[in-house]
Protein chains: 2
Amino acid sequence: MFLSSATNTLDAKGRVSVPADFRAVVAQSAFDGIIVWPSFDGAYLEGGGIALLQDYQRSLETLDYYDEGRIALQRAIFAESRRLPFDGGGRVSLPKDLHEYAGLNGKITFVGLGRRFEIWSPAAYAERSENVRKLARENRHRLKPVPRDAQGGTL
Amino acid sequence: MFLSSATNTLDAKGRVSVPADFRAVVAQSAFDGIIVWPSFDGAYLEGGGIALLQDYQRSLETLDYYDEGRIALQRAIFAESRRLPFDGGGRVSLPKDLHEYAGLNGKITFVGLGRRFEIWSPAAYAERSENVRKLARENRHRLKPVPRDAQGGTL
DNA sequence: TGGGATAGCATGGGATTTTATGGGATACAA
DNA sequence: TTGTATCCCATAAAATCCCATGCTATCCCA
């Protein structure tokens with residue numbers, strides 16, 4: 001489970017350390033690294049382990065082959081995603097077009113959100129999450145107990 | 001189940017013993033430690049075992065992906081939480097920003113609340129709990145019998 | 001029931017390991 | 001060759017491990 005946030009530095013070679021906790025999440029999975037793609041919801045990146053993409057795949061396979069949504073999501077996620085392997089020090093090289101998409105320079109923030117994570121420029125994330133606690137307080141009643149055997153959605 | 005309260009000392013390295021009773025609650029779960037995050041309801045911390053976060057995740061997955069409340073709660077809980085593993089003596093290191101958020105120094109109070117717990121500065125907790133009994137008395141009718149086979153709540 | 005033995009707990013501090021990060025060397029591609 | 005990507009090693013700071021200690025609670029047996 002991806003938890004907590006951390007801000008690391010993007011070096012001159014375009015490398016950045018993935019937080020050790022995040023690395024632990026994807027350890028012993030089929031691919032020793034992370035998968036990252038540009039969010040279709042804003043100027044930031046989304047990512048996860050290979051298992052997340054496999055879950056997405058399973059979810060999309062419940063839709064018709066030519067379902068418009070299926071195709072759109074496949075294009076936005078599968079086609080745009082990059083496989084970023086860890087180097088010996090637990091870093092990944094973030095391709096230049098992804099830097100640019102998310103407006104990253106110097107520092108980048110990893111944000112753990114459970115089954116996936118996001119990558120933000122620290123300033124943009126600070127702005128976006130300015131009122132989180134207030135909003136969370138207002139929405140706390142939405143966090144309802146769920147029966148143990150109910151299946152949660154994948155996406 | 002997290003029960004009772006205990007006050008332990010925060011040492012120079014930022015470590016604090018988690019009450020043995022609390023450790024027993026999370027023993028034999030996937031992660032040997034606790035998860036802690038700043039409460040969105042006041043200057044204290046909330047925490048629980050990994051199972052609690054998994055319950056929260058299941059609950060959030062019943063909401064729409066772009067639901068404002070879902071996003072706020074995800075950011076306020078998942079992105080803000082820290083995974084704190086036990087050391088050999090059953091202690092955790094509490095990150096500095098969490099100390100500061102909860103105004104902790106020297107002594108800290110663990111408060112068991114069933115499925116989760118809270119972490120308070122002893123003084124703040126004493127103040128907060130001044131009229132717990134009164135509030136509880138006013139809410140006594142909320143404590144209703146539940147059939148044995150009904151699924152337990154998340155909170 | 002008393003009281004000594006034992007085990008578990010909270011705590012301190014030194015030693016060791018991990019982490020994040022920089023930079024050179026090496027392989028690969030255009 | 002020249003640029004690009006990957007691998008490897010070095011390092012300082014931080015986190016973690018490990019052992020020791022006093023205290024408390026529990027156990028056990030006379």
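Letters A, B, ... are given to chains in the order of the sequence lines, protein chains preceding strands, and every chain is numbered from 1. Note: hydrogens, waters and symmetry copies are ignored here, and every other heavy atom, side chains too, is used.
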In whole angstrom, what separates Arg82(B)'s CZ from dA14(D)'s P?
-> 15 Å

Between dC7(D), dA20(C), dC17(D), spot the one nearest the side chain of Arg15(A), thanks.
-> dC7(D)

In whole angstrom, give the distance that lies between atom CG of Leu10(A) and atom P of dG23(C).
-> 14 Å

So does Thr9(A) get a side-chain nitrogen or oxygen closer than 4.0 Å to the phosphate oxygens (OP1/OP2) of dT21(C)?
-> yes

Go through dT19(C), dA15(C), dG12(C) for me and flag the one nearest to the Ala20(A) side chain.
-> dT19(C)

Whole-Å distance, Asp21(A) CG to dA15(D) P, equals 12 Å

Send over the distance from Phe86(A) CZ to dT21(C) C1', rounded to a whole Å.
-> 16 Å

CG of Leu98(B) versus P of dA15(D): gap in Å, rounded?
-> 12 Å

What is the pairing partner of dG12(C), taking Watson-Crick or G-U wobble pairs with both distances under 3.5 Å in any strand?
-> dC19(D)

Spacing of CZ belonging to Arg133(A) relative to CG belonging to Leu73(B), to within rounding of 0.5 Å = 13.0 Å

Counting heavy atoms from C-beta on, name the nucleotide in dT21(C), dA20(C), dC17(D) closest to the side chain of Lys107(A).
-> dT21(C)

Indicate, with yes or no, if the rings of Phe117(A) and Phe22(A) have centres closer together than 6.0 Å.
-> yes

Pairs where residues 88-97 of chain B contributes a residue and the test side chain to side chain donor-acceptor pair (under 3.5 Å) is met, not counting sequence neighbours | Arg82(B)-Asp97(B), Asp87(B)-Arg91(B)

Side chains of Thr109(B) and Thr7(B): donor-acceptor distance under 3.5 Å anywhere?
-> yes

Whole-Å distance, Asp87(A) CG to dA5(D) P, equals 14 Å

Please work out if Val92(A) contacts a base, only the sugar-phosphate, or nothing of the nucleic acid, heavy-atom cut-off 4.0 Å.
-> nothing

What nucleotide among dT11(C), dT16(D), dT6(D) has an atom nearest to a side-chain atom of Ser17(B)?
-> dT11(C)

Touch check for Gly89(B), heavy atoms < 4.0 angstrom, all strands: base, sugar-phosphate only, or nothing?
-> base

Counting any heavy atom closer than 4.0 Å, what does Pro85(A) reach on the DNA or RNA strands: base, sugar-phosphate only, or nothing?
-> nothing

Report yes or no: is there a donor-acceptor pair, N or O only, under 3.5 Å between the side chain of Arg91(B) and the base of dG12(C)?
-> yes

Taking NE2 from His99(A) and P from dA5(D), how many angstroms apart are they, rounded to a whole number?
-> 10 Å

Could you state the atom-to-atom distance from CZ of Phe110(A) to C1' of dA20(C) in whole Å?
-> 12 Å

To the nearest 0.5 Å, what is the distance between CZ (Arg116(B)) and CH2 (Trp37(B))?
-> 7.0 Å

